[in-house]
Amino acid sequence: MDKDETRQETVENDTPAADRRDFLKAATLVGGAAAAFGAMGHKFASAQNIQVAQASTPALSDKPWWPHPKWGKDDQAGASNWITPAKVLDAAKWIKDGKIYRIGRVYESGMPKFGERAFALRIPGTPTGGPFGANKLIYHDDYLATEVGQTGTQFDGLAHIGIQMGKDGDMNEMRYYNGVTEFEMASAYGMKKLGIEHVKPFFTRGHLFDIEAVKGKMMEAGEEIKVADLRAAMQKQNMKEEDIKEGDAVFFNTGWGKLWMKNNDKFNGGEPGIGLEVAKWVADKGCCLTGADQWATEVVPNPDKNLAFVVHGELIAKHGIFNHENLDFTALIADRKYQFVYIFSPAPIKGGTGSNGGPIAVT
Ligand code: UVW
């Protein structure tokens with residue numbers, strides 16, 4: 001059996017019929033692996049697919065984006081550099097009623113996950129230890145096996161996403177933020193550069209765009225949020241575009257989050273989100289971070305069937321702009337709170353590519 005046959009069999013065994021049809025149709029197009037990756041969502045993710053997608057999109061790979069024009073050639077903190085004392089004091093002015101909203105999801109094994117990622121929590125012994133002393137103290141520990149920064153509510157760091165610019169396997173031409181190469185970073189025990197420990201904690205102004213409300217319904221997989229949609233949301237929500245300042249964070253509600261733990265297959269099978277047009281708008285405004293109620297913030301499959309996760313590459317690798325996925329804006333929207341202080345400190349695991357954790361919005 002050759003590689004292609006193996007691939008097809010995997011698809012047929014693992015996926016619902018509609019997804020299989022999408023894959024087979026998509027795979028006949030130019031850049032078919034990228035399209036298939038999009039159409040199949042998480043279930044068909046493989047490094048091989050991503051490489052084919054990028055090799056077929058030379059526009060992504062012919063223009064170096066380093067050294068970073070503002071933060072310099074040695075920077076490893078990216079757009080978290082915007083979070084200065086002045087920025088914090090300015091953001092703090094938005095705290096008026098002292099209300100805290102959790103905007104992260106609960107972590108549990110049944111949550112939707114990308115590809116073969118896992119989340120397995122074990123308590124070693126019940127109780128794990130004790131009793132200690134005359135007071136007979138007992139305790140529990142946690143043992144967690146997971147892609148710690150890439151499951152559930154997840155914050156994508158700068159070591160997470162790069163772009164292959166040379167031949168397959170050439171680690172000197174796999175480039176990340178600030179031009180760092182795979183060769184420079186590679187280590188089995190944590191990335192040697194761009195690890196999440198370099199990212200500064202966030203305390204900044206957040207702006208939420210409720211695109212589900214603009215559309216009057218949950219958006220569809222593959223439906224792209226355009227700048228015109230953001231402007232319609234701002235009008236509806238009484239927000240001004242000039243309010244979005246350098247170093248602010250922007251969030252998109254698509255309605256897709258309603259599928260979380262209700263229909264994981266559909267949630268994983270694609271998603272609505274931003275495309276390159278909004279990514280450029282975000283970069284031009286100098287935002288520090290994007291986030292959404294779905295698993296990539298960007299639209300999957302991309303309407304351009306040649307492209308796969310192109311917004312990740314543009315924002316994270318090229319601009320050092322972070323991405324926070326699988327957020328939950330339900331309570332903010334119920335209270336019509338579209339502008340708030342976004343607070344998040346990524347877990348500083350040395351050499352980590354991302355972070356789990358409990359982001360909050362404060363109004
Ligand atoms: C990939 O890892 C490709 O995507 P995400 O950041 O959405 O998990």
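All values below were derived from every heavy atom in this structure, side-chain atoms included, with hydrogens, water molecules and symmetry-related copies excluded. Counting from 1, the numbers follow the sequence of the chain as shown.
Checked by atom type and distance alone, the side chain of Glu220 never pairs as donor or acceptor with a backbone atom of Pro272 at under 3.5 Å.
In this structure, the ring of Trp71 has its center no less than 6.0 angstrom from the ring center of Trp66. Checked against the 6.0 Å centroid threshold, Tyr101 and Phe329 do not count as a close aromatic pair. Separation of the Phe340 and Trp94 ring centroids does not fall under the 6.0 Å cut-off. For Phe251 and Phe209, the ring centers sit 6.0 Å or farther from each other.
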Handout entry: Stepwise side chain to side chain donor-acceptor pair (under 3.5 Å) test for Tyr338 and Asn238
Key = CA-CA 9 Å; Tyr338 303 110; Asn238 205 17; over 6 Å; no
Exercise for the section: Please report the C-alpha distance between Asp75 and Lys70 in whole Å, then the side-chain angles of each, then the deciding distance to 0.1 Å, and finally whether the salt bridge (Lys or Arg N to Asp or Glu O under 4.0 Å) criterion is met. Expected result: CA-CA 9 Å; Asp75 177 58; Lys70 188 166 176 65; over 6 Å; no
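Asp90 has a carboxylate O that lies under 4.0 Å from a charged side-chain N of Lys245, or vice versa, which qualifies the two as a salt bridge. Ion pairing of Asp328 with Arg102 is absent here, as no side-chain N (NZ or NE/NH1/NH2) approaches a carboxylate O to less than 4.0 Å.
A donor-acceptor pair shorter than 3.5 Å cannot be found between the side chains of Glu314 and His319. A donor and an acceptor atom, one from each side chain of Gln150 and Thr353, are located under 3.5 Å apart. A donor-acceptor pair shorter than 3.5 Å can be found between the side chains of Trp281 and Glu241.
Considering only heavy atoms from C-beta on, Val180 stays 4.5 Å or farther from Arg175 through its side chain. With a 4.5 Å cut-off on side-chain heavy atoms, Asn323 and Gln154 do not count as touching.
Residue Ile123 places its CD1 atom among more than 12 non-hydrogen atoms of other residues, nucleotides or ligands, all under 6.0 Å distant.
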